[in-house]
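We count residues from 1, following the sequence as given. Each ligand, and each atom within it, is numbered from 1 in the order the structure gives.
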Amino acid sequence: MTHPPRADWWKRAVVYQIYPKSFRDVTGDGVGDIRGITDRLPYLADLGVGVLWLSPIFASPMIDNGYDTSDYTSVNPLFGTMDDADELIAEAKKRGIRILLDIALNHTSTAHPWFQNALAGGDKRDWYWWRDGRCGAAPNNWRSIFGGPSWTKPDGDDQFYLHLFDKSQADLNWESPAVRAAIHESMRFWLDRGVGGFRLDVVTVISKEPDLRDVADPRPAPLYRHIAGGPRLHEFLREMRREVFAHYDCVAIGEAPGVDPARAAKLVDPADPMLDMIYHFDLVAMNPVTGGDWDRRPFKKIFTDWDRGIGADGWNSVVVSNHDLGRIVSRFGDEGRYWKESAKALLTLVLTQRATPFVYQGDELGMTNCPFTSYDDLDDVWAKTTYRLKREAGADHDAAFAAALAMTRDHARTPFQWNDGAHSGFSDVKPWLPVNPNHATLNAAAQAGDPDSILAFTKALIALRKSDPLWIFGAFEDLAPDDRDVFIYTRTFEGRTATVALNLRGADARVTLPDDSVMLSNYAGPFAHDALRPWEARVHEASH
Ligand code: GLC
């Protein structure tokens, strides 16, 4: 079969991820909404992003904030109406911005009519994974990614259903052709409305070995590795390409836990099209202490390994932060002493790779993790499960809260900091999650008029990326892989080479740098050829 060449706007664009619940509330209920996104399109257009990835906007009981979907072809009333979605798609288009929908297809909410039918023993029983227990216990030893068992036996049922995530998120049985057809139809529904594609949630685990055998180590990372790339994954994705994506000018981005670069390369091979790009989980396990003394070499190696592994034929993405991770500056930077310098250096890294960069909402301001003080302020189902399991294992409140606080995804989900007002300009009323108290000084309004702000720097980086195909397609090479602190790499395109130098530590570093003039930096000149200041980032002009 021959495939028509696909447009490559998604290689050239910068993707901006919006967590709708936390971006902007115009309806005054403390929860962000679709009209809030439309309202802020001028801000996003000014930033220069070309694609908005919206975390799920579909009907959902919101136990996992939309990743527990109860109807794929509806809009969650909490976020607005179908008219609001149509308006957003149309208004974004006027500004050259495409809307991507995040869709969780490995599982549905147990409130989905499909699951309710299955539960009642209807014709959709086999749309989910039902198994008999082993001597009354779960059918296998898999643990839920969020903690606890991955099987639940509903009251009155004699079988267990599988849920890799919360018990309210039942895994769909992709072996069923009817399931796949229903999914394809849901996706076409949205593409026909004009969306630019999808971010496919945990797509690498949709195909399971039907014998669902025990795993040696049931913790999240090994479990993902065990299931990912299941026997029919390629077949299911090729079918999805044929039935859905091939008919539209759209992009398919897969969230890809459990796969290494070699397996990922197959999923994005243009000669055998399945997905257009994926993003990996190799950075997920890294949680250095902010400003701490950690070895940057393994961090840098991840970028090199993925660039090499996917090669020039496939296509990479750079996702260093999102709604599941701590804030980029809090994890990998120094949110205390070098907040501004380190945020800018990390954004330089994200925006100068050979890969589509993803900027998570608020990272362009250097938003930080939130100092939550009360367990009641947390919302994340994973954090709450962590707390409950700790308590059940005998931990006292303080210890269990500390464990939840260390991993809660709520850090990335606090309301967007638009200004220094009572609710940070996010809403007129108390928001669903606390606003980070640092919004008094850290906010978009404060940065808007400041040429030295992180916001201004992000804009300059996005403009730089769009100004020269070297930044999109140029070959990547790490010049100093053995340096503990400094990341120096080149991008080479049609005989021209540009150098990026990043000091990823809050101390002076000795380096050797080219003579080419510096186009962009988080410090003022003069620029030494043999030293970088703490968290200094420089982009040198390309030369022959
Ligand atoms: C993905 C999402 C995460 C969600 C999980 C289950 O990892 O990013 O937010 O909880 O899948 O759908």
Novice: Going by ring-ring contact (aromatic ring centres under 6.0 Å, His included), name the pairs with one or both residues in residues 195-223, residues two or more places apart or in two chains.
Specialist: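 The answer is none; no pair qualifies.
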Novice: Between His163 and Trp151, does the ring centre distance come in under 6.0 Å?
Specialist: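 Here the rings of Trp151 and His163 have centres that are no less than 6.0 Å from each other.
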Novice: Can you pull out every ring-ring contact (aromatic ring centres under 6.0 Å, His included) where at least one residue sits in residues 54-76? Sequence neighbours excluded, please.
Specialist: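 ring-ring contact (aromatic ring centres under 6.0 Å, His included) check on residues 54-76 returns Phe58-Trp190, Tyr67-His323, Tyr72-His112, Tyr72-Trp114.
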Novice: With sequence neighbours excluded, what pairs up with Asn117 under the side-chain contact (heavy atoms from CB on, under 4.5 Å) test?
Specialist: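 Once residues adjacent in sequence are excluded, the partners of Asn117 under the side-chain contact (heavy atoms from CB on, under 4.5 Å) criterion are Asp123, Lys124.
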Novice: Between Trp130 and Arg125, is there a cation-pi geometry (under 6.0 Å to ring centre, at most 45° from the normal)?
Specialist: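 Ring-cation test returns yes.
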Novice: Quick check for students: name every N or O atom pair between ligand 1 and the protein closer than 3.5 Å, with distances.
Specialist:
residue	atom	partner	partner atom	Å
ligand 1	7 (O)	Glu255	OE1	3.2
ligand 1	7 (O)	Glu255	OE2	2.9
ligand 1	8 (O)	Arg199	NH2	3.0
ligand 1	8 (O)	His323	NE2	2.9
ligand 1	8 (O)	Asp324	OD2	2.5
ligand 1	9 (O)	His323	NE2	2.9
ligand 1	9 (O)	Asp324	OD1	2.7
ligand 1	9 (O)	Asp324	OD2	3.4
ligand 1	9 (O)	Arg409	NH1	3.3
ligand 1	10 (O)	Asp64	OD1	3.4
ligand 1	10 (O)	Asp64	OD2	2.5
ligand 1	10 (O)	Arg409	NH1	2.9
ligand 1	11 (O)	Asp201	OD1	2.9
ligand 1	11 (O)	Asp201	OD2	3.0
ligand 1	12 (O)	His107	NE2	2.9
ligand 1	12 (O)	Asp201	OD2	2.7

Novice: Parallel, tilted or perpendicular: which one describes the rings of Trp418 and Phe23, with boundaries at 30° and 60°?
Specialist: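 Judged by the thresholds at 30° and 60°, the geometry between Trp418 and Phe23 is perpendicular.
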